Q: 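Let me give you the structure first, and then I'll get to my questions.
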Amino acid sequence: QVHLVESGGGSVQSGGSLRLSCTASGTYSTYCMGWSRQAPGKQREGVAVIYSDGSTNYADSVKGRFTISRDNTKITLFLEMNSLKADDTAMYYCTAAPTCVRSGGGNYATRSRIYWGQGTQVTVSS
């Protein structure tokens with residue numbers, strides 16, 4: 001019954017900003033949620049994660065530039081992206097899992113199912 005829908009992607013110049021949103025129907029405040037991205041020819045990587053206690057972790061490449069947050073009333077996940085670089089160009093996915101454990105960087109580990117959104121494209125030009 002979980003349904004994740006991302007929005008807010010687009011094309012920006014280097015140094016610009018974007019705010020991604022993810023509506024997370026069927027999830028609860030106890031879920032682990034995060035953002036992952038994948039660029040053509042590169043492996044998928046975790047970008048940021050927010051845990052049920054509200055704590056957050058980020059990939060080293062985005063620390064200080066991206067901020068993950070959650071609105072528990074509207075069940076919506078956000079990713080504020082500032083000082084964007086060409087290397088940030090990728091398809092960004094919202095993820096959710098009923099349970100998880102910390103795994104470092106922008107990743108989490110889970111033995112439960114991971115739910116994915118359809119993705120939203122972010123393109124940063126120089």
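Note that this is a predicted model, so its numbers are computed, not measured.
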Q: Pick one: which of Val12, Thr120, Leu79, Asn82 meets side-chain contact (heavy atoms from CB on, under 4.5 Å) with Leu18?
A: Val12
Q: Would Phe78 end up clustered with Ile75 when hydrophobic side chains under 4.5 Å apart are linked, directly or stepwise?
A: no
Q: Could you walk me through whether Asp88 and Lys85 pass the salt bridge (Lys or Arg N to Asp or Glu O under 4.0 Å) check?
A: CA-CA 5 Å; Asp88 296 319; Lys85 307 173 180 179; over 6 Å; no
Q: Between the side chain of Asn107 and the main-chain N/O of Gly46, is any donor-acceptor distance below 3.5 Å?
A: yes
Q: Can you tell me which residue pairs pass the disulfide (SG to SG under 2.5 Å) test with a partner in residues 71-126, sequence neighbours excluded?
A: Cys22-Cys94, Cys32-Cys100
Q: Say whether, by atom type as modelled, one donor and one acceptor occur between the side chain of Arg65 and the main chain of Ser83 under 3.5 angstrom.
A: yes
Q: Between Tyr93 and Trp116, how do the two ring planes meet: parallel, tilted or perpendicular, split at 30° and 60°?
A: perpendicular
Q: Between the side chain of Ser36 and the main-chain N/O of Glu45, is any donor-acceptor distance below 3.5 Å?
A: yes
Q: Using side chain to side chain donor-acceptor pair (under 3.5 Å), reason through Ser29 and Arg70 one step at a time and then give a plain yes or no.
A: CA-CA 9 Å; Ser29 62; Arg70 176 202 289 150; over 6 Å; no
Q: Where do Val49 and Tyr58 land on the side chain to side chain contact (heavy atoms under 4.5 Å, CB included) test, with the steps shown first?
A: CA-CA 7 Å; Val49 58; Tyr58 300 89; over 6 Å; no
Q: I'd like to know if the side chain of Thr89 and the backbone of Val124 have a donor-acceptor N/O pair within less than 3.5 Å.
A: yes
Q: Sort out for me which residue in Ile114, Ile50, Thr99 forms a side-chain contact (heavy atoms from CB on, under 4.5 Å) with Tyr108.
A: Ile114
Q: Can you check side chain to side chain contact (heavy atoms under 4.5 Å, CB included) on Ser55 and Arg102, steps first, answer last?
A: CA-CA 10 Å; Ser55 62; Arg102 289 170 167 77; 2.3 Å; yes
Q: Quick check against the 3.5 Å criterion: does Thr95 have a side-chain atom that pairs as donor or acceptor with the backbone of Trp35?
A: no
Q: Got a sec, which residues hit ring-ring contact (aromatic ring centres under 6.0 Å, His included) with Tyr51, two or more places apart in sequence or on another chain?
A: none
Q: Treating Gln118 as the side-chain partner and Glu6 as the backbone partner, does any N or O pair qualify as donor plus acceptor under 3.5 Å?
A: yes
